[in-house]
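Position 1 is the first residue of the sequence, and the numbers go up from there. The model shown is predicted, which means the values in this text are computed figures rather than measured ones.
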Amino acid sequence: QVQVAESGGGLVQPGDSLRLSCTASGVTFGYYAVGWFRQAPGKEREGVSCIPAMVSAGTPFVADAVKGRFTVTRDTSKNALYLDMNNLQPEDTAVYYCAAGPQLDTADYYCANPSRSHAWGQGTQVSVSS
């Protein structure tokens, strides 16, 4: 049984930082393209940052909206995925999800196509407000 769980969300002020964590059982993050997605009220789920499977020589993808502020990392020893978010802004307010997708997807393709995920967490709320 696949289980994915995110944590680390919260209410912060503009300019603050947060670290989201994602752990999994029943799926090994290193074997698949993995990433962080977010969904704001009334909007579609969008890819924030994704990294390819370890067997791939591909490069990570970071959405333009968060480039220079967000960083995704994978810790294979803990089967964990992290999203470090700096200089948070009100437009970053959303539910953030961790997911795993096809092994051979490039990071940019996977982030653009979240429906290709086969394992999702329940999401963690990030709210940025003064």
Item to complete: Kindly state each residue pair satisfying disulfide bond (SG atoms under 2.5 Å apart) with at least one member in residues 18-58, sequence neighbours excluded.
Response: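 Non-adjacent pairs meeting disulfide bond (SG atoms under 2.5 Å apart): C22-C98, C50-C111.
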
Distance in Å, [X] [atom1] paired with [Y] [atom2], rounded so as to fall on 0.5 Å steps:
| X | Y | atom1 | atom2 | result |
| --- | --- | --- | --- | --- |
| L11 | D16 | CG | CG | 9.5 Å |
| T71 | I51 | OG1 | CD1 | 11.5 Å |
| M54 | Q103 | CE | CD | 11.5 Å |
| Q125 | Y96 | CD | OH | 9.5 Å |
| E46 | R38 | CD | CZ | 4.5 Å |
| T59 | D108 | OG1 | CG | 7.0 Å |

Side-chain donor or acceptor of [X] paired with backbone N/O of [Y] under 3.5 Å:
| X | Y | value |
| --- | --- | --- |
| T124 | S7 | no |
| Q3 | S25 | no |
| R74 | G35 | no |
| T93 | V128 | yes |
| W36 | Y82 | yes |
| N79 | V27 | yes |
| E6 | G123 | yes |
| Q89 | N87 | yes |

Closest non-hydrogen atom pair, [X] against [Y]:
| X | Y | answer |
| --- | --- | --- |
| A94 | A40 | CB-N, 3.8 Å |
| V126 | G9 | CG2-CA, 4.1 Å |
| P52 | G58 | CG-O, 3.5 Å |
| H118 | G101 | NE2-O, 3.3 Å |

Is any side-chain heavy atom of [Y] closer than 4.5 Å to one of [X]?
| X | Y | result |
| --- | --- | --- |
| P102 | L104 | no |
| R19 | T73 | yes |
| M85 | L20 | yes |
| F61 | T106 | no |
| V62 | V48 | no |

Worksheet item: With sequence neighbours left out, which residue pairs that include part of residues 114-124 fulfil the salt bridge (Lys or Arg N to Asp or Glu O under 4.0 Å) condition?
Response: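 Pairs touching residues 114-124 that pass the test: D105-R116.
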
Practice prompt. Please state whether the rings of W120 and Y97 are parallel, tilted or perpendicular, taking 30° and 60° as the class boundaries.
Written response: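 The rings of W120 and Y97 stand perpendicular, inter-plane angle above 60°.
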
Discussion item. With a 4.5 Å cut-off on side-chain heavy-atom distances among I, L, V, M, F, W and Y, is there a chain of contacts connecting F29 to L83?
Written reply: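 They do share one cluster, since a chain of ILVMFWY contacts under 4.5 Å joins F29 to L83.
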
Worksheet entry | Side-chain H-bond candidate by donor/acceptor type, S117 with Y110, under 3.5 Å |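 There is such a pair between these side chains.
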
Worksheet item: Does a side chain donor of either S115 or N113 reach within less than 3.5 Å of an acceptor in the other side chain?
Response: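 Side-chain D/A pair, S115 to N113: absent.
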
Fill in: From V72, T23, D75, residue fulfilling side-chain contact (heavy atoms from CB on, under 4.5 Å) relative to L81
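Passing option: V72.
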
Item to complete: Apply side-chain hydrogen bond (donor to acceptor under 3.5 Å, both in side chains) to the pair N86 and S17, showing each step before the final yes or no.
Response: CA-CA 4 Å; N86 297 311; S17 299; 2.9 Å; yes

